[in-house]
Amino acid sequence: MTIILRKTEQLMHQLNELKNTYEEGKEPAKDRAFFLYVKQETEPIFHLLDEWEALAIDLINKKQISIHEQQIHATKDNMKKLMMHSYYADVRKRRYMDIYKSCKYIFNQLLKETK
């Protein structure tokens, strides 16, 4: 269980970093260099999310946590959305914060249930 704890804490950290990026509100460049920068910044998070999802679903299948599999999938999808919205600020702050809080809630629930 310590692996899932570590990965969830890493995702919580990334979640806060993405929020900081969004709040900086820099206008994204419309060139390939910016796209490659975003890809480089987010690729490790995508891998971390894949690993986290597999570990969380394994815990669900072993009935060690009460979170539903659908919540894990939705959280992964929401994190992907946040990654893009953080660099390409194309949503209103309220919508961004709703997605942010949703991810944070599931991460906190998983941390509580696995400690």
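Quick note: residue numbers are just sequence positions, from 1. As a basis for the values below, the full set of heavy atoms in this structure was taken, side chains included, without hydrogen atoms, waters or symmetry mates.
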Measuring from atom CD1 of I4 to atom CG of L55, what distance do you get when rounded to the nearest 0.5 angstrom?
4.5 Å
Who pairs with I67 by side chain to side chain contact (heavy atoms under 4.5 Å, CB included), at least two apart in sequence or on another chain?
I65, Q71, I72, Q109, L110, E113
Check whether more than 12 heavy atoms from other residues, nucleotides or ligands sit under 6.0 Å from atom CD of Q70, and answer yes or no.
no
Steps toward side chain to side chain contact (heavy atoms under 4.5 Å, CB included) verdict (N78, M83):
CA-CA 9 Å; N78 283 337; M83 283 188 262; over 6 Å; no
Could you please spell out the steps behind the side chain to side chain contact (heavy atoms under 4.5 Å, CB included) verdict for L18 and M79?
CA-CA 9 Å; L18 289 169; M79 273 295 286; 4.1 Å; yes
Can you pull the salt bridge (charged side-chain N to carboxylate O under 4.0 Å, His left out) pairs that have at least one residue in residues 56-83, sequence neighbours excluded?
D50-K76, E53-K76, D58-K62
N108: which residues meet the side chain to side chain donor-acceptor pair (under 3.5 Å) condition with it, sequence neighbours left out?
none
With Y96, which residues qualify under ring pair (Phe, Tyr, Trp, His ring centres under 6.0 Å), at least two apart?
Y22
In Å and rounded to the nearest 0.5 Å, what is the CG to NZ distance from L11 to K7?
8.5 Å
Sequence neighbours left out, what passes side chain to side chain donor-acceptor pair (under 3.5 Å) with T8? Give chain and number order.
W52
Side-chain atoms of residues 39-48: list all donor-acceptor pairs with protein atoms under 3.5 Å, sequence neighbours left out, distances to 0.1 Å.
residue : atom : partner : partner atom : Å
T42     : OG1  : V38     : O            : 2.8

Contacts satisfying salt bridge (charged side-chain N to carboxylate O under 4.0 Å, His left out) that involve residues 88-110 (not counting sequence neighbours) are E23-K93
Does a donor on one side chain and an acceptor on the other come within less than 3.5 Å for D31 and Y37?
no
List for me each residue that meets ring pair (Phe, Tyr, Trp, His ring centres under 6.0 Å) alongside Y88, sequence neighbours excluded, and say none if there are none.
F34
Could you tell me the separation between the NE2 atom of H68 and the CD1 atom of I57, rounded to the nearest 0.5 Å?
13.5 Å
Quick check for you: to the nearest 0.5 Å, what is the distance between E9 atom CD and L15 atom CG?
13.5 Å
Pairwise distance CZ(F107) to CD(Q14) - rounded to 0.5 angstrom:
10.0 Å
